[in-house]
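Attaching a single structure in structure tokens format; questions to follow.
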Amino acid sequence: MRPMQLQKLPLLRPFSTTTVKPPPLKSLPATATAVANLVLTTEDPKALSKTLLTSPDFTFSEPLVNQTLKLLWNHGPKALQFFTILDNHLHYAHSLSSFHHAIDISARLRDITTLWILVTRLRSRRLGPTPLTFAIIIERYVLSGKPDKAVEIFLSMHKHGCQQDLNSFNTLLDILCKSKRVEKAHNLFKLLRGKFGADVVSYNVIANGWCLIKRTPKALEVLKEMVERGFNPTLITYNIILKGYFRTGQTKEAWLFFKEMKKRSCEMDVVTYTTLVHGFGVLGEVSKARRLFDEMVGEGVLPNTATYNAMIQVLCKKDSVENAIVLFEEMGRKGYVPNSVTYNLLIRGLCHAGEMDRAMKFVELMKNDGCHPNVQTCNLLIKYYCEVGEIEKGLEVFDLMGSWRCLPNKDTYNILISSTFVRKKPEDLVAAGRLLIEMVDRGFLPTKFTFNRVMNGLLVTGNQAFAREILQLQSKRGLLPRHFRL
DNA sequence: GGAACGAGGA
């Protein structure tokens, strides 16, 4: 097996020859790539600083800086170095959005010192912090398993010069709910609703939270309570409940609820129908899904891309890819624009049917259609190639990711690493070790399980030296979950 | 890249 190497950033390849998009900002991605490569390849900080601050080749602007930071997303420390150097530029001052990128990156690296330095600087520049700044910080804290700390930060926002209001309160509740900490969100809601004057949105957020963790009865309680307190549920509220029923597999209740909505002449929208099509379909009631899909226009509701995607998924899962492709073609004829979700669904469907070659043809079609393959496209291709034992092909896709401008994520590495355990070849495990190192290097934290698995694999196949190296990495970086601190 | 609902995930 060939050695794994760090992926290079996408090189200059601004436009595919098959698309005919006029490029108004075409120099921008190119310049961002050049800046990112410069940052990555210049070892000496002083030299980098000098080039960035004095070179006439670069005219920094907010979009250029943001693009560069995005390209450096997998190289957090380098990204922050770039941000800090540029902060001393004589003719360029960072904007709020660039600060937000930098804050997000430092939070992701769990570098709280830098994080709060940036917030303080934002304040001294009178650019912020804004509610969005705190939404970013709070979300990162919640994602790293510190919801209490996140709440504490919310409650201390005003000390940083940003007053809490109903919007930011609802955002906090939503972040907690989306990370499945619904109980905590609900308690906080009950505690502080008086203070912030909770509204329909607050109730919707909490009801949706309960539905997300499949506790639809609790969502119904919230609905009942909001009515008792004089708030009128909206269509969004009803759509939330409807989806809740499908999440718990209660198709009967969903249907009754829908009929009740109709009876009360509630205005349905495209979200309602998309929920129904998807809900019935994935639960096996394909013909009912199809009927709703066909009849919605008669009810005065036009489908959109999401609706088509729902129907396509249903056909892929419960009918056949071929029929899904028929619908996809019909969709194009009717003028609906497929997006990357559409393509990913069809590609997955083809992979699942064992048609890897046709799946790759759809990837080409996707690109020609101006839809870039994204991480999910790559991950699913890699997964299926590895599953059928073509690890080399999976690695090929991995290597192609750079030229497709998509960055590998934690899942990409996990898929590839797990696949190396199938054949039990010593060289596969060495590859796993390299991937693990690269993964850590890019700021993705492997689980203890992954570490141990790779290490055991190396020990069993006689790679003692490499195993020791991995162990050192593990302890040096303090990467065991119990050492995590944000 | 932002207050709430629908369509790709081990």
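Just so we're on the same page: letters track the sequence lines, and every chain starts at 1.
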Distance in angstrom units between L166(A) CG and dA3(B) C1', rounded: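 Distance check: L166(A) CG to dA3(B) C1' gives 8 Å.
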Rounded interatomic separation in angstrom, taking NZ from K70(A) and P from dG1(B): 5 Å
Sugar-phosphate, base or nothing in reach of N339(A), heavy atoms under 4.0 Å: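 Base contact.
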A310(A) side chain, from C-beta outward: closest of dA7(B), dA3(B), dG6(B):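 Of dA7(B), dA3(B), dG6(B), dA7(B) is nearest to the side chain of A310(A).
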I382(A) CD1 - dG9(B) P separation (whole Å): 16 Å
Sugar-phosphate only, base, or nothing, as touched by I312(A) at under 4.0 Å among non-hydrogen atoms: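 If one applies the 4.0 Å heavy-atom cut-off, I312(A) turns out to touch nothing in the nucleic acid.
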Under 4.0 angstrom between Q313(A) side-chain N/O and dG9(B) OP1 or OP2: yes
N/O (side chain, K383(A)) to phosphate O (OP1/OP2, dA10(B)) under 4.0 Å: yes
Donor + acceptor pair across side chains of S340(A), H372(A) (<3.5 Å): no
Proximity of F154(A) and F196(A) rings by center, below 6.0 Å: yes
Length of the line joining Y384(A):OH and dA10(B):C1', which is rounded to integer Å: 11 Å
Touch class at under 4.0 angstrom, heavy-atom based, for N304(A) against every strand present: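 Result for N304(A) = base.
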Candidate nucleotides dG2(B), dG9(B), dA3(B), ranked by approach to the side chain of E139(A) - the nearest: dG2(B)
Sugar-phosphate only, base, or nothing, as touched by V341(A) at under 4.0 Å among non-hydrogen atoms: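 Contact class for V341(A): base.
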Residue that, paired with Y308(A), satisfies ring pair (Phe, Tyr, Trp, His ring centres under 6.0 Å) out of F293(A), Y343(A), F328(A):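 Exactly one candidate clears the test, F293(A).
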Touch class at under 4.0 angstrom, heavy-atom based, for D104(A) against every strand present: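 The residue D104(A) makes base contact.
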Between dG6(B) (P) and D269(A) (CG): distance, integer Å: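 In whole Å, dG6(B) P and D269(A) CG are 11 Å from each other.
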F246(A) ring center within less than 6.0 Å of H278(A) ring center: no
Touch class at under 4.0 angstrom, heavy-atom based, for N167(A) against every strand present: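 Contact class for N167(A): base.
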Candidates N309(A), L381(A), V363(A), N374(A) - the one meeting side-chain contact (heavy atoms from CB on, under 4.5 Å) with N344(A):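 Option passing the side-chain contact (heavy atoms from CB on, under 4.5 Å) with N344(A): N374(A).
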Listed nucleotide nearest any side-chain atom of V271(A), set dG6(B), dA4(B), dA7(B):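 Minimum distance to the V271(A) side chain belongs to dG6(B).
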Sugar-phosphate, base or nothing in reach of K178(A), heavy atoms under 4.0 Å: sugar-phosphate
Any side-chain donor near an acceptor of the partner, E62(A) and S97(A), under 3.5 Å: yes
Euclidean distance, atom OH of residue Y343(A) to atom P of dG8(B) [Å, nearest integer]: 17 Å
Selection from dG9(B), dG6(B), dA4(B) that lies nearest to any side-chain heavy atom of K243(A):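 Closest of the options to the side chain of K243(A): dG6(B).
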Nearest-neighbour nucleotide for the N239(A) side chain, dA4(B), dC5(B), dG1(B) considered: dC5(B)
Sugar-phosphate only, base, or nothing, as touched by V270(A) at under 4.0 Å among non-hydrogen atoms: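 Base contact.
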Spacing of Y245(A) atom OH relative to dC5(B) atom C1', expressed in whole Å: 16 Å
Residue T171(A), side-chain atoms from C-beta onward, closest of dA3(B), dG1(B), dG8(B): dA3(B)
W73(A)-H101(A) side chain donor-acceptor pair, cut-off 3.5 Å: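 Judged by distance alone, the side chains do not pair up.
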Short side-chain N/O contact from R247(A) to OP1 or OP2 of dG6(B), under 4.0 Å: yes
Sugar-phosphate, base or nothing in reach of K410(A), heavy atoms under 4.0 Å: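 Answer is nothing: K410(A) stays at 4.0 Å or more from every strand.
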N/O (side chain, N208(A)) to phosphate O (OP1/OP2, dA4(B)) under 4.0 Å: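 So the side chain of N208(A) is outside the cut-off, no N or O lying under 4.0 Å from OP1 or OP2 of dA4(B).
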Sugar-phosphate, base or nothing in reach of L132(A), heavy atoms under 4.0 Å: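 It contacts base atoms.
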